[in-house]
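Scroll down for the structure; my scribbles are underneath it.
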Amino acid sequence: MFKLPNLPYSFDALEPYIDAKTMEVHYGKHHKTYVDKLNEAIKGTEFENMEIAEILKNINKIPQDKKQAVINHGGGHANHFLFWEIMTPDAKKKEFNGKIAEEIKKTFGSFENFKKQFTESALKIFGSGWAWLIVNKNGGLEIINTKNQDSPLIENKLPILGLDVWEHAYYLKYQNRRPEYMENWWNVINWEKIEENFNKTKK
Ligand code: MN
């Protein structure tokens, strides 16, 4: 059965960019509900002991009556697991560097251009969803969006950076100001972790 993973920092650690109350509800209520409902859906099935990434990559093997619940809650669990880890209060010590920096510059021309394209992509999401930097099947980087809690893993795309643009991720502090939330979010990015995620996709 799945468990709510530990949050790698305290609720107020990402202040002032992401406020403590949002973190508390987002992690403690929203993410917890995804974990609970995922467990409910796979209880007593062969998927109970699989890793979440494996489950999502094999989503078509899930019985029809449970499939949508696993897409929603399994995706919700995997997406948030990644989201907490790619943020840090020590962003200044985990700067844009290494192989991932080289690859981003190669693909998008510059960091500024990558940030611009990622932001534009995220702003286009109508309603709830995620913006992602993923590694595609050819090993290349791509910016994509997904709706609701759909995980890129379902399409065999490997997410290494993700931005939650559900209103629950920012509404308490930013209300309808999604662009301001997105702009501030760049101040808490853990590039060291993204580099690690990137290297894992090469194995
Ligand atoms: Mn969320």
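Keep in mind the model is a prediction, meaning the values are calculated, not measured. For ligands, and for the atoms within them, numbers begin at 1 and follow the listed sequence.
Checked against I160 for a side-chain contact (heavy atoms from CB on, under 4.5 Å), the options I134, I86, L82, L133 give a single hit: L133. For the side-chain contact (heavy atoms from CB on, under 4.5 Å) test with H26, the passing option among F83, W166, F11 is F83; the others fail.
Remark: H30 pairs with H168 by the ring pair (Phe, Tyr, Trp, His ring centres under 6.0 Å) rule, at least two apart or across chains. Listed by chain and number, the residues in a ring pair (Phe, Tyr, Trp, His ring centres under 6.0 Å) with F96 are F111, W191 (sequence neighbours excluded). A search for side-chain contact (heavy atoms from CB on, under 4.5 Å) contacts involving K61 returns F47, N58, not counting sequence neighbours.
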Are E103 and K106 close enough, and set up right, to give a salt bridge (charged side-chain N to carboxylate O under 4.0 Å, His left out), and what steps lead you there?
-> CA-CA 5 Å; E103 200 64 24; K106 208 167 81 189; 3.5 Å; yes
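If you count the protein N, O or S atoms nearer to the Mn ion (ligand 1) than 2.8 Å, you get 4.
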